[in-house]
Asks: 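Here's a structure for you.
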Amino acid sequence: MAARAGLQSKHAASNAYDGWNICDRCNVDLRSLRHVVALSHTLNYVRAAERLGLSQSALTRSIQAVERECGSRLFDRDRGGVSLTRAGAAFVERASALLAGADDLATFMQRTALLEEGEIAFGMEPLVARALLAPVLSDAIAAAPAWRNRVAIRSIEALSPMLKAGEIDFFVSAESGLSQDPAIRAERLGAFPLSLLVRAGHPALTNLDDEGPYPVLLAGEAGTFTHLPARVTRLISGPRHIVEDYDILAKLTQATDAILIASAVAVRPQMAQGLVEEIPVGDRARVTMPIMIYTLARRSRSPAMLKLGEALRAAMRGVADDRPG
């Protein structure tokens with residue numbers, strides 16, 4: 001009998017340890033983990049059930065279900081009360097760590113949804129960044145000071161592969177052929193009025209029949225005039241110079257006879273000082289440059305992306321209503 005009891009005791013101890021190995025692979029949800037941990041704190045079914053808002057019978061069934069799933073007893077019950085087994089103590093230690101991680105994850109996701117924590121990476125073409133980035137980002141930082149923003153200011157030719165590689169979540173630029181790419185989702189944000197901009201005193205300001213052509217300054221390939229009178233088209237048929245920096249473009253415009261094709265928003269300070277002027281092409285010839293937000297077609301948009309999109313639309317409306325004159 002003693003030998004048999006010894007074997008049973010050894011078998012029980014083995015089950016206690018092997019039970020935890022089984023629990024490594026068992027399927028127990030977070031709610032059940034909380035039930036086990038709560039009971040381990042009180043070692044009293046009545047008090048644990050009260051803390052959990054359950055009936056004692058419901059808690060008992062939950063604990064028994066976990067033990068069946070794991071194949072090991074977690075609690076011993078006798079007249080002296082409730083106590084943890086060795087397997088139960090190991091289970092509770094790991095379950096507590098899992099629950100703490102789950103709570104931390106839930107808090108992080110909630111803070112991310114509220115833009116209180118996290119990061120978003122996005123891109124902008126130079127013109128869009130010059131017109132919109134400072135006010136939009138200022139408001140975003142004020143509203144969510146713990147949120148991190150990473151912005152790449154590049155040409156559309158550079159931003160497109162960054163988007164596809166997952167380096168940025170979205171980018172904003174003038175409309176381009178990307179709208180036809182099935183992997184890309186394109187959504188219109190608004191439009192900038194497009195202008196022909198020259199230095200003060202430029203011959204074309206008073207004589208559109210000037211022979212030309214003149215060198216053309218651009219920040220990128222997207223956003224050019226397509227419907228202009230022939231005499232105006234001749235003016236901008238000269239060699240193109242692409243510079244992805246509007247400060248440099250403004251200086252080149254002031255220092256040469258080159259014609260800058262851009263929104264007047266890009267050179268607002270220079271226009272206010274009378275250093276740069278717009279060639280009058282007439283309302284019929286005036287065109288706008290559609291501004292788009294590009295995202296991956298199959299990627300869901302985060303709360304941060306949606307909020308930034310709303311802010312960008314509002315800023316676009318402000319630019320359209322505040323055209324430099």
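We're numbering straight along the sequence, starting at 1. Since the structure is predicted, the reported quantities are computational estimates derived from the model, not experimental observations.
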Asks: To check you understand the geometry: which heavy-atom pair defines the closest contact between Ala95 and Val37, and what is its length?
Replies: CB-CG2, 4.0 Å
Asks: Spell out, as yes or no, whether a donor-acceptor pair under 3.5 Å connects the side chain of Arg77 to the backbone of Val82.
Replies: no
Asks: If we ignore hydrogens and angles and just use 3.5 Å, is the side chain of Asp169 paired with the main-chain N or O of Ala121 as donor and acceptor?
Replies: yes
Asks: I need the Phe171 CZ to Met162 CE distance, nearest 0.5 Å.
Replies: 10.0 Å
Asks: Which heavy-atom pair separates Ala174 from Ile291 by the least distance, and what is that distance?
Replies: CA-CD1, 4.0 Å
Asks: Would Asp257 and Arg199 count as a side-chain contact (heavy atoms from CB on, under 4.5 Å) if you check the C-alpha gap in whole Å, the side-chain angles of each, and the deciding distance to 0.1 Å?
Replies: CA-CA 7 Å; Asp257 282 341; Arg199 63 171 176 81; 2.7 Å; yes
Asks: Measure across Ala48 and Leu39 and return the closest heavy-atom pair with its distance rounded to 0.1 Å.
Replies: CB-CA, 3.9 Å
Asks: Just list the side-chain donor-acceptor pairs under 3.5 Å for residues 183-190, sequence neighbours left out, or say none.
Replies:
unit_1	atom_1	unit_2	atom_2	d
Arg185	NH1	Thr295	OG1	2.9
Arg185	NH2	Ala297	O	2.8
Glu187	OE1	Arg301	NH1	2.7
Glu187	OE2	Arg313	NH2	2.3

Asks: Enumerate the residue pairs fulfilling ring-ring contact (aromatic ring centres under 6.0 Å, His included) with a member in residues 37-62, sequence neighbours excluded, ordered by first and then second residue.
Replies: none
Asks: Under 4.5 Å between any side-chain heavy atoms of Leu260 and Leu252, yes or no?
Replies: no
Asks: Does the pair Arg34/Asp103 count as a salt bridge with the N-to-O cut at 4.0 Å?
Replies: yes
Asks: Suppose we screen for side-chain contact (heavy atoms from CB on, under 4.5 Å). Which residues come up paired with Asp29, at least two apart in sequence or across chains?
Replies: Arg31, Ser32
Asks: Looking at CG of Leu196 and CD of Glu277, how far apart are the two atoms once the value is rounded to the nearest 0.5 Å?
Replies: 13.5 Å
Asks: Within the distance-only criterion (no hydrogens, no angle test), does the side chain of Ser195 pair as donor or acceptor with the backbone N or O of Leu197 below 3.5 angstrom?
Replies: no
Asks: For Gly123 and Ile168, work out which heavy atoms get closest and say how close.
Replies: N-CD1, 4.1 Å
Asks: Judged by atom type as modelled, is there a donor-acceptor pair below 3.5 Å linking the side chain of Glu67 to the main-chain atoms of Phe75?
Replies: yes
Asks: Can you tell me how far apart OH (Tyr246) and CZ (Arg268) are? Round to the nearest 0.5 Å.
Replies: 13.5 Å
Asks: So which of Val66, Leu59, Leu99 actually passes side-chain contact (heavy atoms from CB on, under 4.5 Å) with Val36?
Replies: Val66
Asks: Would you mind reporting whether Ile259 and Leu235 have side-chain heavy atoms less than 4.5 Å apart?
Replies: yes
Asks: Could you walk me through whether Tyr294 and Ser176 pass the side-chain contact (heavy atoms from CB on, under 4.5 Å) check?
Replies: CA-CA 10 Å; Tyr294 292 99; Ser176 73; 3.6 Å; yes
Asks: With a 4.5 Å heavy-atom cut-off, do Glu244 and Leu249 have their side chains touching?
Replies: no
Asks: Looking at His241 and Pro215, would you say the former's side chain and the latter's main chain have a donor-acceptor pair under 3.5 Å?
Replies: no
Asks: To check you understand the geometry: which heavy-atom pair defines the closest contact between Ser263 and Leu194, and what is its length?
Replies: N-CD1, 4.0 Å
Asks: Are the side chain of Ser55 and the backbone N or O of Ala58 linked by a donor-acceptor pair below 3.5 Å?
Replies: yes
Asks: Of all heavy-atom pairs between Asp76 and Arg73, which one has the smallest distance, and what is that distance?
Replies: OD1-CD, 3.3 Å
Asks: Please confirm whether the backbone N or O of Val46 pairs with a side-chain atom of Gln56, one donor and one acceptor, at under 3.5 Å?
Replies: no
Asks: Could you tell me whether the side chain of Ser160 reaches within less than 4.5 Å of the side chain of Leu178, counting heavy atoms only?
Replies: yes
Asks: Any heavy-atom pair between the side chains of Leu308 and Val136 that's under 4.5 Å?
Replies: yes
Asks: Mind running side-chain contact (heavy atoms from CB on, under 4.5 Å) on Leu217 and Ile261 for me, showing each step along the way?
Replies: CA-CA 6 Å; Leu217 300 174; Ile261 299 180; over 6 Å; no
Asks: Verify, without hydrogens or angle tests, whether Ser173 (side chain) and Ile156 (backbone) share a donor-acceptor contact under 3.5 angstrom.
Replies: no
Asks: Between Leu218 and Val216, does the side-chain contact (heavy atoms from CB on, under 4.5 Å) criterion hold? Intermediate values first, please.
Replies: CA-CA 7 Å; Leu218 296 159; Val216 175; 4.0 Å; yes
Asks: Report the residues that fulfil side-chain contact (heavy atoms from CB on, under 4.5 Å) with Leu275, sequence neighbours left out, ordered by chain and then residue number.
Replies: Gln254, Gln270, Gln273
Asks: Evaluate the side-chain proximity of Val198 to Tyr214: yes if any heavy-atom separation is below 4.5 Å, no if none is.
Replies: no
Asks: Kindly write out the residues that satisfy side chain to side chain donor-acceptor pair (under 3.5 Å) with Asn149, not counting sequence neighbours, or none if the list is empty.
Replies: none
Asks: I'd like to know if Glu125 pairs up with Arg154 as an ion pair, taking the criterion as any Lys NZ or Arg NE/NH1/NH2 lying under 4.0 Å from an Asp or Glu carboxylate oxygen.
Replies: no
Asks: Is the count of non-hydrogen atoms from other residues, nucleotides or ligands lying under 6.0 Å from Glu167 atom CD greater than 12?
Replies: yes
Asks: Which residues pass the ring pair (Phe, Tyr, Trp, His ring centres under 6.0 Å) test with Phe122, not counting sequence neighbours?
Replies: Phe170
Asks: For Asp247 and Ala250, indicate whether the former's side chain and the latter's backbone hold a donor-acceptor pair under 3.5 Å.
Replies: no
